[in-house]
Structures are given as C-alpha cells and as structure tokens.
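Here the structure comes first, spelled out in structure tokens, and everything after it is commentary.
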Amino acid sequence: MEFIYWLVAIILLVLIGYGAIMYLTRQQANRIKAIDEKKQKAMAIPVADNLFTLKNMNLTGQTKRTYESWQATWQTITRFQYPEIEAALVSAEQYIQRMNFIKAKQAISQADQLIDETKNSVEKVNKALEKLLESAQENRKELEEIQERYNKIRKQLLAHSFTFGPAIETLEKNLNYMELDFTKFNSLTNEGDHMEAKEILSRIEQDLLVMEEVVEKIPQLNEKIKTEYEEQVNDLKDGYQRLLDEKYIFEGVDVSVEIAAVEKEIQEAKDSIGLADINEAGKKMDKVERDIEAVYAIMEKEMEAKDFVGRHTANLQKKMDHVLQSNRYVLLEIDRVSQNYFLNKNELGRAQEFEEQLLKENEALRYYDKMMKEHEISYSVVREYYEKISQRLSEIDKEQSELVSNLSDLRNREKEIKDSIDLYELDMRNMKRTIEKYHLPGLPKIYLDLFFSVTDRIEDLASKLNRVKIDMDEIDAISKMCEEDIEMLDNQTQAIVDNAMLTEYMIQYANRFRHSHVEIENAINKALVLFHREYDYEGALEAVKIPLNRVEAGASRKVEESYQEEKNRRYY
C-alpha cells in the first residue's frame, strides 16, 4: 500500500514538472513571436522605397551628402542590426528546445532591446528621408509666398518712389541683391540641392522681413522730418529773429549755433534714412526732438522772464522803498528806547547792517534797471536777481518787525516787573504775619538769613528799576531769582509752621504716656529743648514722633491726620 502512495506521488510530480515546462515553453515562444512581429513592422517601414526614389532624383550638394549619410545608416541597420536580432531569436529558440529557460529569457530580452533600438533608428532614418523628399515641394510653396511679398515691395517702390527720398537707391540695390538670391535658389533647386536651396530661401525671408519694415517706416520718417522737424526749425529761426528784433539778450548761449546744430542733426538723420538704416535714423531723430525742445526752452525762458520782470519791477521798487523807510523808523526807535534802556542784543548794529545792505541792493536794483533799458542784460538774469532780492527784503522786513517788537516789549517787561515787586513785598508780609500768628519762640538762622536776603534782593530790584537807564536783562534775572527765593522761603515758612504745630500736637498726645514710660518723658523734654532754645522744630518733631510710635504703633500718623483735618478747616 505504501508503494502505491509513493508511485502516485512520483506521477504527480512528473505531471506538475511537465506542466511547468509546457507553460514556460509556451510563454517564451509567445514572446519570441511578439518580437518577430515588431521586427516585421520595423522592416515594413518604406525606407528602401524612399532611398530608391531619392537616388533617381539626381541630388547634388548638401542634399546629396545628407542622402548618402542616411543611406549609410540604413545599410548599417540592414547589415548588422537586423542579423543581430535574428541571431538572438534563434539562440532563444535553441535554449527553449534544450529547456534552458534562464538563457532563453536572457536571449529574448536582448532581442527585445535590439528591436526597440533598431525600430527607433529606422523611424529616424525614414523621417529624415521623407523630409528630403518633401523639401523640394515645400521650397516651391514657400517660394511662391516670398515671391509675392517681394513683388509687392517692388511695386510699392515703383509707385511711390518720391516718398522714399534718397533711400530709393539703397532700397533698389537691396532688391537687386535679393534677385541674385532668387537666381541662386532656382539654380540649386534645378541641380537637386534642395537643402542648400532652403537655406537660401530662409535668408531671402529674413532680408524680406527687414525690407518690409524699412519700406513701411521710411516714408513715415521722411514725413516727420519734413512736416515736423524742418517746420519747427523754421519756426525757431523766425522766433529767434523776432526776439533779436525786440532786443532780447541771451546769456551764455548762442541760439543761432544751437539751431544750426539741430539742422546738422536733421541732415545726419536724412543720411541714415538714405542708407535705409532706420535704427540709426531713429536714434538721431530722438536727439533732434530733444535738442529742438531745448532751444524752444531757451527762448521761452527769456520770454517768461521778461513777463515776470515786467510784472514785478514796480512792486519790487515799492517793496525796497518800504523796507528802507521801515529801517529808518527802526533806527529812530532804537535811539529813543536806548535813552531809557540798555540794549544788549546789538540792535543798533543789526539795524545799521540792514541799512547798509538795503542801500547796496537799492543801487543794484537801479543798475539792473539801467542795463535792461540799454538792452545789455538778459531778462532771465534779472529775474534771478529779482527773486533773490525779493526774498532778502522779506527776511529783513521780518527781522525789523521782530526787532521793533522786542523794543516795544521792554516797556511792558518793565511794567510787569514793577507789578511783580508789589506782589513780592505782599508775599513777604504774608509770610511774616504767618510766622507771627503762631507766636513761635524764635526762627532758625538759615531761615532768617534767607528772609533778609530776599528782602534785600527785592529792594535792590526796586532800586535798579528807579534808575534813569535800566538794563532789562539784568532786571529780568534778578526778578527770576526773587521768584525762586520767595517760593523756597514760602515752602520753608510752611514747613516751620507745620513742624511746630505738629510738635505741640505730638507732645499733647504723648503726655498720656509720660508717667508710665520714661522714654516718653525723656523724648518730651528733649523736644522742648529743641523747640524753645534751638528753634529746631523739625528735630523736635522727630524727637517725639519716633519714641511715640514705639509705645503706640501708628500714633504719629493719627496725630498728623488730625492736624491736617484741622488745617484744612482753617483754610476752607
């Protein structure tokens, strides 16, 4: 029984192996068949037919060389690549028969790769040959289009030769060169060199494009020169002559030379047009436009300047007279004010400097007026001077006003300080009454020194104000010091009163602890000594406040708040 099982297993293995061999054989045979079909399709491409047709066309030159190159490529394909493919396929079939499927697979892959490469090469060769076959027909079609455009230009030159001016000769010469290229094209075509003929045709095409642009633009350029530039030059000449007749002067520029330069540039542009060089002509014409505008600008500048001068001459002289008269008033005012006040800002020197400048500029104004009447100066130069002197007159007028305002302000400043002295004295009396009202035992020396110093300074200020001639800068400085000292003295007065009153309040509050705390007893005694003998009210306050706070935390703050409330009630 066991033998039967083994026999069946062996038979099954044989059947499976046979099936696998049959499958691999059929699979690789199918691949060989597919490759062979690809080969047949490649061989069906009509390369040989196209080569035969071209061979009978009597090709020459570059076309023939190209044909021979592709013919050599085709021979390489047929002699080497196709046999190599065939050999690979035969090897694959042999390996299959020997059941060497790995080798067969490698041979099939090699054949598949070779057929793809060969097919691409065959298609490339065939495409190039077809292009050679079509070149003659394409050349003829393109020639017809180019010939039509060429004839159109030829007719245009004949019918409108006057619009091209001197360029007509150059244009006809260019057409003759193109005629030679047409002849060369026909010769190459008849000889069978269609590729060389194509290059000639392409050159004709490029020349024709340039020619069409030139033929279109030259009449426009000529028309612009004639109707714009030459007319503008004539207008410049006429305008310049009219200005000369009206006695205009042009400083630093010779307008006639500028106009002549423009005429020369126009001729140069014409010469470029005559050579059919429209790019160079365009550049030169752009320069002509700029230079024409520049000459117009020169003349317009003088005409505008004349109009400006005509409108401002009378007003400027009036302005000059006004500022001169104002300066004389300033000098009189300085003389009047200087009798009562010292002038510390060089007011007289500034006014005299104004006077010197004004007289100098007034003389210059008359000089320019004389030069204009005698036609010896350009209006633009006069305008420039007018604008400069007008600005300077405005500046002087403004400075004069400020100077007079400062002089007038001296009297007001004097009156304000006199009024301030009354206020200073009132403040001093009020501070004295404040101190006296509280019946203090005495005042600190530093406070008394400041009080008497301020009193002396106020008296000194009043004394200086009573002089025949006063120095307001000095008086302002003293007045400012008085203000600062009075403010400081007022603060010290208030501090003395507050410290003295708070010391009394603190002692009253501390008396409740006097018998129970020796520290408080000592503090009160010390405070009384500082208060009554040394007049150190701040020290006395501190002598009580610190021990009191140790005995009762926050006690001094309560006393201060109570004092502040009572003080506020007194004020309100």
Side-chain angles (χ1 to χ4, degrees), residues 419-462 477-572:
D419 294 339
S420 296
I421 289 177
D422 294 337
L423 294 175
Y424 299 158
E425 292 175 344
L426 178 61
D427 287 340
M428 297 296 289
R429 287 195 295 272
N430 287 337
M431 282 185 278
K432 183 178 181 182
R433 280 198 298 270
T434 298
I435 293 294
E436 291 172 347
K437 183 172 69 173
Y438 289 97
H439 305 289
L440 298 176
L443 293 171
K445 182 177 184 303
I446 188 171
Y447 176 82
L448 290 173
D449 289 344
L450 178 60
F451 188 91
F452 293 125
S453 173
V454 174
T455 302
D456 291 344
R457 185 169 286 120
I458 294 172
E459 291 176 355
D460 181 53
L461 179 63
I478 297 173
S479 178
K480 186 176 181 181
M481 286 191 290
C482 288
E483 286 182 9
E484 294 171 351
D485 289 348
I486 287 172
E487 183 179 359
M488 183 167 57
L489 188 63
D490 184 60
N491 291 335
Q492 290 188 18
T493 300
Q494 193 61 50
I496 288 172
V497 170
D498 288 341
N499 289 331
M501 296 306 296
L502 275 170
T503 300
E504 292 180 354
Y505 275 58
M506 289 285 179
I507 291 174
Q508 289 175 10
Y509 191 88
N511 279 331
R512 69 182 67 181
F513 303 108
R514 189 167 188 173
H515 298 294
S516 58
H517 292 80
V518 176
E519 182 182 4
I520 297 298
E521 172 71 19
N522 294 333
I524 291 174
N525 291 332
K526 181 179 179 181
L528 290 173
V529 170
L530 292 171
F531 192 96
H532 290 285
R533 295 181 183 177
E534 298 181 16
Y535 316 130
D536 184 359
Y537 303 110
E538 183 179 2
L541 177 62
E542 292 297 318
V544 177
K545 183 165 67 172
I546 294 172
L548 182 61
N549 283 330
R550 282 200 292 266
V551 172
E552 180 183 331
S556 66
R557 181 172 55 81
K558 287 194 297 184
V559 173
E560 289 171 353
E561 289 176 353
S562 175
Y563 169 73
Q564 194 62 45
E565 289 176 3
E566 184 178 342
K567 181 179 178 180
N568 291 339
R569 285 197 298 272
R570 288 201 304 269
Y571 285 144
Y572 298 103

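The minimum heavy-atom distance between I496 and P444, with the atom names listed, is CD1-CD, 3.9 Å. Shortest non-hydrogen contact noted between A543 and A523 is O-CB, 3.4 Å. Residues A510 and I520 approach most closely at O-CG2, 3.4 Å, considering heavy atoms. The heavy-atom pair separating L548 from A555 by the smallest distance is CG-CB, 3.7 Å. Taking all atoms of both residues into account, the shortest heavy-atom contact from M428 to V454 is SD-CG1, 3.7 Å.
Atom CG of N522 and atom CZ of R514 lie 10.0 Å apart (nearest 0.5 Å). Rounded to the nearest 0.5 angstrom, N499 CG and L530 CG are separated by 12.0 Å. Atom-to-atom distance recorded for M488:CE and L450:CG is 4.5 Å, nearest 0.5 angstrom. In this structure, C482 SG and D460 CG are separated by 8.0 Å, a value rounded to the nearest 0.5 Å. Remark: L443 CG to K432 NZ distance equals 11.0 Å, nearest 0.5 Å. Going from atom CG of L448 over to atom OG of S453 covers 12.0 Å, rounded to the nearest 0.5 Å.
Under the side chain to side chain donor-acceptor pair (under 3.5 Å) criterion, D536 pairs with no residue at all, not counting sequence neighbours. Not counting sequence neighbours, E483 has no partner by the salt bridge (charged side-chain N to carboxylate O under 4.0 Å, His left out) test.
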May I have the step-by-step check of side-chain contact (heavy atoms from CB on, under 4.5 Å) for D490 and D427, ending in yes or no?
CA-CA 8 Å; D490 184 60; D427 287 340; over 6 Å; no
L440 vs Y537, test: side-chain contact (heavy atoms from CB on, under 4.5 Å). Steps then yes/no.
CA-CA 10 Å; L440 298 176; Y537 303 110; 3.6 Å; yes
Pair M481-I478, side-chain contact (heavy atoms from CB on, under 4.5 Å): steps then yes or no
CA-CA 5 Å; M481 286 191 290; I478 297 173; 4.3 Å; yes
side-chain contact (heavy atoms from CB on, under 4.5 Å) between Y424 and R457, worked out
CA-CA 10 Å; Y424 299 158; R457 185 169 286 120; over 6 Å; no
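No side-chain heavy atom of E566 sits less than 4.5 Å from a side-chain heavy atom of M501. With a 4.5 Å cut-off on side-chain heavy atoms, E561 and Q564 do not count as touching. Between T503 and M506 the shortest side-chain heavy-atom distance does not fall below 4.5 Å. Contact check for V544 versus E504: no side-chain heavy atoms found under the 4.5 Å cut-off. For the pair T493 and F451, the minimum side-chain heavy-atom distance is 4.5 Å or more. D498 has its side chain out of reach of L541: every pair of non-hydrogen atoms, C-beta onward, lies at least 4.5 Å apart. Between I507 and F531 the shortest side-chain heavy-atom distance does not fall below 4.5 Å. In this structure the side chain of K437 never reaches within 4.5 angstrom of the side chain of V497, judged on heavy atoms.
In this structure, N549 contributes its side chain and S556 its backbone to a donor-acceptor pair below 3.5 Å.
Between F513 and H517, the angle of the ring planes goes over 60°, which puts this pair in the perpendicular group of the 30/60° scheme.
Summarising the local packing, CG of L426 is surrounded by more than 12 heavy atoms from other residues, nucleotides or ligands at distances under 6.0 Å. Open room surrounds CZ on R533; 12 or fewer heavy atoms of other groups in view lie less than 6.0 Å from it.
Using a cut-off of 4.0 Å between Lys/Arg side-chain N and Asp/Glu carboxylate O, E542 and K545 are scored as salt-bridged.
Between the side chains of N491 and E487, not a single donor N or O lies within less than 3.5 Å of an accepting N or O.
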